[in-house]
Amino acid sequence: MQIPANMSLRQLRYFAEAAELGQFSQAARKLHVSQSVITTAVAQLETLLGLRLFDRMPHGVALTAEGHRFHQHVRHILDTLQDALSEPMFLANTLAGTVRVGASYTVLGYFLPSLLARFKRSYPLVEIDLIDMDRVEIERGVAEGALDFGLCIISNMVEPYTLKRQLLIRSRRQLWLAESHPLAALPVIGLADVAAHPYIMLKVDEGEASALRYWQSVQREPNVAFRTSSLEALRGLVAYGFGVSILSDMVYRPWSLEGRRIDVRTLDDAIPPMEVGLVWRPDDALSTPAEALHQFLVFACGA
């Protein structure tokens, strides 16, 4: 298929922001344009492609299966363009060496792979020794010098902080539920409403401990029906209506492995976002390859 002559980079950017935020109004606020500009751009793209990219819902929008695939391509285009424009800032093909990085489950599976692929395009001679570790192991490895730096959910870290931290992304947490779930009919949903229904608790990356902190802050408890370390198992259980869950947008996908729809709703209570970031030793300078990766991640995430 040829690229339509009247398809613009601006349309792709507006579409990507709407896809990632789940609401045209939020995308408009972030990009400092009116909501009608976002709506028009998306409608034009749908007409040009002959596809429906979003399902319009009472509380936002959700990507269709075709929209999800298109978004993956658009994200790659925008990221590649950003890297091409920023490459003069980096040493590019001349730098060689090895960087030792510890990363936790969620970061490895849902955040890091595409960023590392982009980094390797600019630094093909830099080898990344990537190790799957939990947050406590990452902090220990960094402190002892076994790792150059770590990537983990820094919102799970506890004071006093002995390592330097750099926030990379802040991902909001929302309610995941099946299309036909009774909560989907409510105009406003709070944790008190969620507490009345079976809850699927994700255990990885200290998921249960972080969830219980915001539940306890409103003096509520989730009605935990099942605990799992598998995100795909959780998706399936939620999609079939066995329970609901509250998880970050970073790990959200609109479909289970069985092809069943998973909806999301913003909660009325103040749910803290999940924060992913870098940790490194405060008193030691990073090696040149490690500094290059560190700077790249900060720039790529707009941190």
- Looking at Phe296, is Arg118 sitting on its ring face, NZ or CZ under 6.0 Å from the six-membered ring centre and within 45 degrees of the normal? no
- Message: My understanding is that only one of Val244, Val238, Val224 makes a side-chain contact (heavy atoms from CB on, under 4.5 Å) with Ile200; could you say which?
- Response: Val238
- pair Cys152-Ile154: side-chain heavy atoms closer than 4.5 Å: yes
- Query: Run the side-chain contact (heavy atoms from CB on, under 4.5 Å) check on Cys301 and Leu115 step by step: do they pass?
  - Reply: CA-CA 9 Å; Cys301 296; Leu115 288 169; 4.1 Å; yes
- Query: Between Pro198 and Ala225, what is the shortest heavy-atom contact and its length?
  - Reply: CB-CB, 3.8 Å
- Can you find a pair of side-chain heavy atoms, one from His71 and one from Glu20, that are under 4.5 Å apart? yes
- Please tell me if the side chains of Thr266 and Ile271 come closer than 4.5 Å, counting only heavy atoms from C-beta onward. no
- Message: Which residue in the set Leu108, Leu147, Ile138, Val101 passes side-chain contact (heavy atoms from CB on, under 4.5 Å) when paired with Ile131?
- Response: Leu147
- So do the side chains of Arg220 and Trp215 get within less than 4.5 Å of each other, counting heavy atoms only? yes
- Task: State yes or no: do Val42 and Leu51 share one hydrophobic cluster built from I, L, V, M, F, W and Y residues joined by side-chain heavy-atom distances below 4.5 Å, directly or via other members?
- Result: yes
- Message: Surrounding CZ of Arg172 (heavy atoms of other residues, nucleotides or ligands, distance under 6.0 Å), is the total greater than 12?
- Response: yes
- Query: Is there a donor-acceptor pair closer than 3.5 Å between any side-chain N or O of Tyr199 and the backbone N or O of Ile246?
  - Reply: yes
- Task: Before accepting this row, confirm whether a basic side-chain N of the pair Glu139/Arg135 lies closer than 4.0 Å to the acidic partner's carboxylate O.
- Result: yes
- Between Glu206 and Ile153, is a side-chain contact (heavy atoms from CB on, under 4.5 Å) present by the stated rule, with each step listed? CA-CA 9 Å; Glu206 304 168 89; Ile153 301 175; over 6 Å; no
- Which atoms form the tightest heavy-atom contact between Pro113 and Val107, and what is the distance? CD-O, 4.2 Å
- Task: Tell me, yes or no, whether the heavy-atom count around Tyr161 atom OH, taken from other residues, nucleotides or ligands under 6.0 Å, exceeds 12.
- Result: yes
- Query: So, are Glu232 and Arg235 salt-bridged, with charged N and O less than 4.0 Å apart?
  - Reply: yes
- Take atom CZ of Arg253 as the centre, draw a 6.0 Å sphere, and report whether it contains more than 12 heavy atoms from other residues, nucleotides or ligands. yes
- Message: Between Asp263 and Arg261, does any side-chain N to carboxylate O distance fall below 4.0 Å?
- Response: yes
- Message: Is there a path of hydrophobic side-chain contacts, each under 4.5 Å between heavy atoms, that joins Phe149 and Phe111?
- Response: yes
- Item | Val126 and Leu293, any side-chain heavy atoms less than 4.5 Å apart | no
- Query: Can you find a pair of side-chain heavy atoms, one from Val99 and one from Phe119, that are under 4.5 Å apart?
  - Reply: no
- Message: Please tell me whether Ser230 and Thr228 have a donor and an acceptor in their side chains that are separated by less than 3.5 angstrom.
- Response: no
- Heavy-atom side-chain contact between Val298 and Gln166 under 4.5 Å: yes
- Message: I'd like to know whether the aromatic ring centres of Phe70 and Phe15 sit less than 6.0 Å apart in this structure.
- Response: yes
- Task: Kindly determine whether Glu66 and Leu49 satisfy side-chain contact (heavy atoms from CB on, under 4.5 Å), including the steps that lead there.
- Result: CA-CA 10 Å; Glu66 295 82 3; Leu49 296 168; over 6 Å; no
- Item | salt bridge (charged side-chain N to carboxylate O under 4.0 Å, His left out) contacts touching residues 98-108 (sequence neighbours left out) | Arg100-Asp148
- Item | N/O donor-acceptor pair under 3.5 Å between Ser248 side chain and Ser171 backbone | no
- Test item: Val251 and Leu202 side chains (from C-beta on) under 4.5 Å apart, heavy atoms: no
- Where at least one partner belongs to residues 175-189, residue pairs that pass side chain to side chain donor-acceptor pair (under 3.5 Å), sequence neighbours excluded: none
- Leu231 reachable from Ile169 in the ILVMFWY side-chain graph, under 4.5 Å edges: yes
- Task: Examine Leu48 and Phe54 and state if one hydrophobic cluster contains both, with Ile, Leu, Val, Met, Phe, Trp and Tyr joined whenever side-chain heavy atoms are less than 4.5 Å apart.
- Result: yes
- Okay, side chain of Arg165, backbone of Leu163: is any donor-acceptor separation there less than 3.5 Å? no
- Do Leu183 and Val218 share a hydrophobic cluster, counting only Ile, Leu, Val, Met, Phe, Trp and Tyr and linking them when any side-chain heavy atoms are less than 4.5 Å apart? yes
- Message: Can you confirm whether Glu258 is buried at CD, in the sense that more than 12 heavy atoms of other residues, nucleotides or ligands lie under 6.0 Å from that atom?
- Response: yes
